Undergrad: 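First the structure, which I've put down as structure tokens, then a few questions once you've had a look.
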Amino acid sequence: MIFRMALRNLIRRPMQSFLASGAVAGCLALIIWTCNFQDGAWVLLMDDTIRASAGHVVVQADGYQDAKDSNLLVADSSAIATKIRQQNPETTVMRRLILGGMIASPENSVAVGISGVEAEAEKAVSQIPKMMVDGEWLEAGTSGQVLIGTTLAKRLQVGLGDKVVLTVSYRGELQALPFRVAGTFTIGNASMDNFFVLANLPTLQEMLPGITDPATMISVQVEGYKVPAGLKASVREAVGDGPEVLRAEEALPELFKAEELDKIGGYFMWIFIGILASIGILNVLLMSLFQRTRELGMLQAMGMRPSGLVQLLLTEGFLLGVFGALLGFIAGLAATYPMVEYGIDYGMINNQAPVSGVALNTLMKAVYSWDKMAIWTGFHVLLAVLASLWPALRAGRLEAVESMRSQ
Amino acid sequence: MYFIVSSLIILSTPAPAAAGTVPTSDQLKALLTQVDDNGRSNSSHVVMSMRVQTKRFSRKMKMESWSKGKEHSLIRLMDPPKDRGVATLKVGDKLWNYLPNTDRTMRVPSAMMSGAWMGSHVSNDDLVREYRLSEDYTYAMAPGSASLGSERYTIRCTPKPETPVVWGHIDVTVTAKGVPEKQEFYSEKGKKVRTMTYSDVKEVSGIQVPHKMVIQPHDKPNELTEMVFHSLKLNIPIEDSRFSLQALRD
Amino acid sequence: MAIVSIEKATRHYQDGDQVVEALRGLDLSIEPGEFTAIMGPSGSGKTTLLNLIGGMDTPTSGRVTVSGKEVSSMSKTERSDLRRDHVGFIFQSYNLIPVLTAQENTEFVLLLQGKSEAERNQRAREILKAVGLEGMEGRRPAELSGGQQQRVAVARAIATKPTIVLADEPTANLDSETKAELIGLMRRMNEEEGVTFLFSTHDHEIIDVARRVVTLRDGQVSSDEHR
């Protein structure tokens, strides 16, 4: 009967009830949508970044992780890569050589970061092939090709086919080689479009004297997002002692930190939104408490205990919460759907990666984070009940004779 | 580009080509070798002034420089007073700067090699690059060279494909006696990018040396860098220790 | 033995800076089966008296005993239970829970008592039939006339067979015909079911049928007339 009373009390004030549960629904939908979107964005962002800048497991020269010194290189990299491949046939292994240096044209010269990559393997994991403005992605086996950002091309006043000179420094020696611009790309990130130069690994390797087949990193990648637990150990075994072998979390701590911080930030925002929702509920219940004081007095006159009144109002809050949460859940799902199916291409506005030197996919898609959705939905019901606690306790403290006197 | 100061110091040996005849390829090479070899195996001490004119500022400084062979050189500012003691040391392809007011010696990292040296139209990279016209370029008489008469030639030097220079070609104007007068740098598209003009030739220790050089970037018509030698001594004994990081601070 | 006994009850209210003395040492006892009207001018303490008996309020001093239980020393919850088990209330208006049907309103106190659904249901039907509302069990208060609403209030008040029914001007908002019907109904319930009624009223039609009329003046009993 209390339940029935509570329900009918809510139905009796459809506008108020709708507003209160609407507040819950709106907030929950917003949270579910942003949560799904944030999770989706991070899944892609993490995947892009891990694949483009490290690997699910990455092999680097000992000490490179801490020093990020481009002089610290792994020698005989293809032999090591082959060994890793043999031990883990399901993985993709690719090498990268990352150097600092300078690119010069007759008109200008600019400090740049140069990545030597294996053209075919890199094409599969990099977003840059999709961002080519002019020319083509690197061609394996062709020497002397570079890809540069459009901003850099403009500063150098060079275009497709034009000569540029790359100078790198290795162990204090400057080495220079002429290259031809094979393509330009726009990532949408000013510093990358101005700083990032891509070349074929073998060509770049030629520039470094005194080391055979060098690489900055050997990136080991698996399909999908699930990394086998034993992969690091297995790679370590193939590599032997010497180079450092790191999992993505170890190689890219800033990425994982950024994700964590972003999600914590998300929680604060969502809790804030949740509080807004509960203020809506609180408001409606307090209003109805004031409007119904005499009615509540009558319930007391009939012998309903203070606890019964508390229960009644809590039930009303609970029902508002359940209704709102249900509505919000459905609305959140509905809002998520197009984001999962089509995503948002936020385009070239601000392709800002938490880890520098990574071109991110600009098409962000949401995922259905069922567990989080369930938690948030439950959390909103709980919030509604918590929000009704105060009005409920006030109702419990009402003096029967006072409430009967109110009109 | 070769080292600025050294580039001005040209060994003037008798011209291999007889005046009025078209030089052979070997003769061109000999002329370019003279431009390349400019006495770098020798030591030098020079006091010079540099004037830099840019859109934003105009500055004039006086400096003292020592060099030994092609590997070592040290340049120290004497004037203006606020920059006094600022010095640049080159050993091989490495470059260090010393700033006396912070008492700091800084190795110029590769990323900063593109920066302007002392605000001039010479980059740090220009100071250390070592390519030889006579070896890293192919060469031929430039079109129109004949119109210069018999006393000078313009030789078109085109970098070999593997030579890591940005130019499409360089037109070097040299007297029949092997004293450079002008170098014009072109992009591959044939656009003239900058010109270096040598003048005020004086004899030092029996060698013809231009005492003035002007670098003019063509994309900035109102800008230039001008260097003038006030005193030049060649083939003087200089201790190797002068080209040390310790000496840089003195 | 008296089911309600009040000894030297006073009740003072703070109204702004003034202390209102609603009751000033009132003595009264009610025997089972009474049909008593309490009259007196406004402010004479009628409603306060009913509130004290119903455990809605506690005396400032003196004793109020209902069914042998001392009300003034009870906790709020105990007073709730007292009302639930021993007291039926009928008010002047707004007597019913607007969101519940006549049937549900009648069942409500039985529900609070923890009676089974079947028992509640049967008892409510019985009583509604007895008050002449057969066939209207499913209507909400808004769908009933004022007289019908007061009948439901009576039905609800007596459904639990309370020790005493306290009716605070129950006929004040009714036309004379409806009023007569309601008074007849309560009189009948008093005679047939033995329900004890205590009214506060100005209404002569009630006073005429009352078997005892207590008059209050200035918070004290000024006359107590048994007929």
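Quick caveat: nothing in here was measured; it's all calculated off a predicted structure.
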Undergrad: Atom CD of residue position B:Glu162 - does it have more than 12 heavy atoms of other residues, nucleotides or ligands inside 6.0 Å?
TA: yes

Undergrad: Counting only heavy atoms closer than 4.5 Å, note whether A:Gln157 contacts chain B via side chain, backbone, both or neither.
TA: both

Undergrad: With a 4.5 Å heavy-atom cut-off, do A:Asp162 and B:Lys189 have their side chains touching?
TA: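 Result yes, sub-4.5 Å side-chain heavy-atom pair found.
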
Undergrad: May I ask you to test the A:Glu107-B:Arg194 pair for a side-chain heavy-atom distance under 4.5 Å?
TA: no

Undergrad: Can you establish whether the number of heavy atoms outside B:Lys60 located under 6.0 Å from its atom NZ is more than 12?
TA: no

Undergrad: Locate the shortest heavy-atom distance separating A:Pro178 from B:Thr163; write the atom from each residue and the value.
TA: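 Residues A:Pro178 and B:Thr163, closest heavy atoms: CG-O, 3.6 Å.
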
Undergrad: For B:Lys160, is the NZ atom crowded, meaning more than 12 foreign heavy atoms sit under 6.0 Å from it?
TA: yes

Undergrad: Just verifying a value: how many Å separate B:Lys94 NZ and A:Ser169 OG, rounded to the nearest 0.5 Å?
TA: 9.5 Å

Undergrad: In terms of heavy-atom pairs under 4.5 Å, which option from A:Leu177, A:Val158, A:Val164 contacts chain B the most?
TA: A:Leu177

Undergrad: If I measure from the heavy atoms of chain A, does B:Pro217 come under 4.5 Å with its side chain, its backbone, both, or neither?
TA: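 Neither part.
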
Undergrad: Is the number of heavy atoms from other residues, nucleotides or ligands within 6.0 Å of CD (A:Glu249) greater than 12?
TA: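 It does: A:Glu249 CD has more than 12 such atoms within range.
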
Undergrad: Can you see which heavy atom on B:Val166 is nearest to which on A:Pro106, and at what distance?
TA: O-CG, 3.3 Å

Undergrad: Hey, is the main chain of B:Val165 close enough, under 3.5 Å, to the side chain of A:Lys163 for a donor-acceptor pair?
TA: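 Present.
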
